[in-house]
There are 2 protein chains.
Amino acid sequence: MDGQEEDDSARSLGEALFRDILALIHSGGIAPGATLGEATLARQFGVSRGPVREAIRRLQGIGLVTREPFARARVALLDRAAVDDLFDMRVALEGRACALAATRMDESAITSLLAALEQARRRDLGDPDIPPDDFDFHLQLIEHARSPRISAVLGGDLYPLLRLYRRWSGARPERKSVAYQEHWQILRAIRSRDADLARSLMEQHIEKARANLMTALDASPTIRPAPAAHSPAVPTAPILPADQA
Amino acid sequence: MDGQEEDDSARSLGEALFRDILALIHSGGIAPGATLGEATLARQFGVSRGPVREAIRRLQGIGLVTREPFARARVALLDRAAVDDLFDMRVALEGRACALAATRMDESAITSLLAALEQARRRDLGDPDIPPDDFDFHLQLIEHARSPRISAVLGGDLYPLLRLYRRWSGARPERKSVAYQEHWQILRAIRSRDADLARSLMEQHIEKARANLMTALDASPTIRPAPAAHSPAVPTAPILPADQA
DNA sequence: TTTGGCATAAGTGTTGACAGTTTGGCGGGG
DNA sequence: CCCCGCCAAACTGTCAACACTTATGCCAAA
């Protein structure tokens with residue numbers, strides 16, 4: 001009766017719990033530094049500890065929770081070092097994905113993506129209050145790189161973390177227009193089949209995002225560990241704005 | 001009494017089982033394409049299904065086993081597409097790691113690594129039958145990049161897979177000398193603090209390894225699915241030669 | 001002979017309970 | 001007043017059993 005939406009896209013409870021707990025952290029229901037115990041979460045979601053264990057295990061796999069052998073799991077703190085590490089990996093993977101896309105995308109896909117980008121820009125800049133569509137340039141581009149492994153890590157692991165960081169730092173809307181411009185430049189490089197240029201552009205683009213997040217993080221130096229994790233918890237999905245950088 | 005070495009480096013059974021099953025696949029005890037059932041493995045190792053489930057889950061996480069919701073897990077087939085994907089990711093991550101190392105390594109670390117490289121080269125080329133020391137240039141370099149996330153993925157996930165592929169394709173010893181030379185060039189670029197050059201060199205180096213593996217894979221086009229996975233299984237650790245490319 | 005459906009079997013997903021370990025607090029001693 | 005050792009509560013790791021899903025083999029009908 002309370003929160004327990006069964007997501008039909010996940011066949012197993014563990015998978016669904018992974019998303020649910022991720023959403024909980026996104027929405028701020030759990031806050032970084034808080035401790036999440038298996039039994040507590042199990043009671044909260046009305047399931048047994050098995051699926052919860054799997055979900056936490058996977059959360060640990062993506063580096064969102066830290067845990068030593070017998071200690072309880074804690075949501076990773078959001079400090080500069082972690083952001084730096086995260087972005088190092090993102091630059092590596094997305095730069096390569098961009099180069100691959102420049103080689104593997106066909107003309108129709110490029111024009112289609114270009115059109116989608118333009119449409120998203122219009123809608124986004126014209127009506128700022130409309131949720132910026134869930135069009136995500138980066139995810140689309142990654143998908144077009146046709147590298148299952150890179151797609152899985154980027155889309156399944158890194159991006160949820162990035163969204164989390166963005167939630168705590170706050171994205172600045174005035175950067176959107178320049179971000180769109182950079183996206184357009186990248187696509188142009190891809191259209192001219194210049195893989196090196198496309199990668200370089202993408203790397204610079206992401207480096208800018210890193211710098212942005214860093215300054216935003218400096219404003220609120222460290223996320224405080226948050227008092228308790230016993231909040232009734234709203235299991236509703238977070239309504240974060242789509243990616244922008 | 002049969003295979004069940006307790007590795008003290010793993011505090012939980014799940015972790016130990018992860019390594020054990022990995023070793024089993026490495027040693028050829030399970031062979032790609034074979035199906036591994038939880039109950040079977042549980043009986044084989046004398047534990048319950050819980051830890052086995054966690055181990056398989058993690059194996060699935062690194063892409064070594066494929067699995068749809070309710071079907072049994074199968075060891076991933078070793079085809080060209082998988083190798084291509086694997087190396088795309090490796091180029092991305094290790095290229096970046098190399099650039100980071102060029103920035104972050106201090107002089108003493110560089111000279112130390114250089115000396116270790118020279119020592120390994122001598123021992124390896126001089127006494128070909130001696131196991132080439134478990135000195136692994138790539139792993140050392142990755143460690144020096146000081147990026148926990150990249151290190152974890154590369155050292156914990158990708159490299160076990162690479163060793164598996166090399167086991168089935170066979171490494172050619174005549175490539176060792178040229179590999180050493182390339183390693184030396186990379187280190188020289190790092191010493192001169194030329195991050196771009198170091199990355200480029202590393203990328204080319206890995207691309208060569210990819211081409212090598214591809215031709216070796218063409219010789220034996222596809223690994224046959226192997227008849228049964230019920231072999232008594234030798235749980236002894238695999239004695240694979242150290243990395244070389 | 002081939003094809004369709006069905007019953008059995010195998011296997012995974014999930015659950016609740018038990019054992020071992022860590023952590024926090026409490027009391028006694030210095 | 002501070003420090004050390006002990007105790008209890010909480011939590012994780014592990015296990016055996018139940019429910020549900022999928023695959024396999026057989027049998028009958030066309």
Side-chain angles (χ1 to χ4, degrees), chain A residues 2-21 24 30 33-61 64-76 225-230, chain B residues 2-21 24 30 33-61 64-76 225-230:
Chain A
D2 56 342
Q4 185 177 349
E5 73 267 38
E6 50 245 21
D7 199 333
D8 49 11
S9 67
R11 199 54 71 100
S12 68
L13 278 186
E15 197 78 9
L17 273 186
F18 171 75
R19 304 187 186 187
D20 287 344
I21 298 179
L24 251 181
I30 293 198
T35 162
L36 41 143
E38 298 178 356
T40 304
L41 286 174
R43 274 192 303 272
Q44 217 166 30
F45 282 95
V47 297
S48 180
R49 269 182 48 208
V52 175
R53 169 185 296 271
E54 288 190 18
I56 290 186
R57 211 60 171 205
R58 188 163 163 200
L59 251 38
Q60 175 190 8
L64 211 164
V65 308
T66 61
R67 213 173 48 146
E68 45 258 78
F70 270 84
R72 34 186 170 289
R74 306 176 69 86
V75 180
H230 282 233
Chain B
D2 57 341
Q4 185 177 351
E5 72 266 42
E6 47 248 19
D7 200 334
D8 49 10
S9 67
R11 200 53 72 97
S12 69
L13 279 186
E15 198 77 9
L17 274 186
F18 171 75
R19 303 187 187 187
D20 287 345
I21 298 180
L24 252 181
I30 294 197
T35 159
L36 41 145
E38 298 178 356
T40 303
L41 286 173
R43 272 193 304 272
Q44 216 166 29
F45 282 95
V47 297
S48 179
R49 270 182 46 206
V52 174
R53 169 185 297 269
E54 287 191 17
I56 289 186
R57 215 51 174 212
R58 190 163 162 201
L59 252 37
Q60 176 190 7
L64 212 165
V65 308
T66 61
R67 214 175 45 148
E68 45 259 79
F70 271 84
R72 31 187 175 286
R74 308 175 66 87
V75 180
H230 282 232

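Numbers restart at 1 for each chain; the letters A, B, ... are given by sequence-line order, proteins then strands.
A distance of 6.0 Å separates CD1 of A:I21 from CG of A:L59, quoted to the nearest 0.5 Å. Taken to the nearest 0.5 Å, the CD1 atom of A:I30 stands 12.5 Å off from the CZ atom of A:R74. Rounding to the nearest 0.5 Å places CD of B:E38 at 12.0 Å from CZ of B:R43.
Under 4.0 angstrom from either OP1 or OP2 of D:dG13 there lies at least one side-chain N or O belonging to A:R67. Neither OP1 nor OP2 of C:dT22 sits under 4.0 Å from any side-chain N or O of A:R72.
One interatomic measurement links the two molecules: CD of A:E68 to C1' of D:dG13, which rounds to 15 Å at whole-angstrom precision. A straight line from CZ of B:R43 to P of C:dT12 spans 11 Å, rounded to a whole angstrom. As a whole-Å value, the separation of A:L36 CG from D:dT12 P is 9 Å. If you take CG of B:L41 and P of C:dG11, they are 11 Å apart, rounded to a whole angstrom. A straight line from CZ of B:R53 to C1' of D:dG13 spans 15 Å, rounded to a whole angstrom. Across the protein-nucleic acid pair, A:L17 atom CG and C:dG13 atom P stand 14 Å apart, rounded to whole Å. For B:R74 and C:dA10, the CZ to C1' distance is 15 Å, given to the nearest whole Å. Spacing between atom CZ of B:F45 and atom P of D:dC15 amounts to 13 Å, rounded to whole angstrom units.
You'll find that the side chain of A:E38 is closest to D:dG13, out of D:dT14, C:dT15, D:dG13.
When side chains are defined from C-beta on, B:F45 counts as touching B:D20, because their heavy atoms get closer than 4.5 Å.
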Task: Intermediate values then yes/no, side-chain contact (heavy atoms from CB on, under 4.5 Å), B:R57 and A:R58 - done: CA-CA 9 Å; B:R57 215 51 174 212; A:R58 188 163 163 200; over 6 Å; no
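When all heavy atoms of B:L24 and B:Q44 are compared, the pair lying nearest together is CD1-OE1, 4.5 Å. Contact between A:L36 and A:I56 at its shortest, heavy atoms only, is CD1-CD1, 3.9 Å.
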Task: B/S/- contact track for nucleotides 16-22 of chain D, protein heavy atom under 4.0 Å - done: B----SS
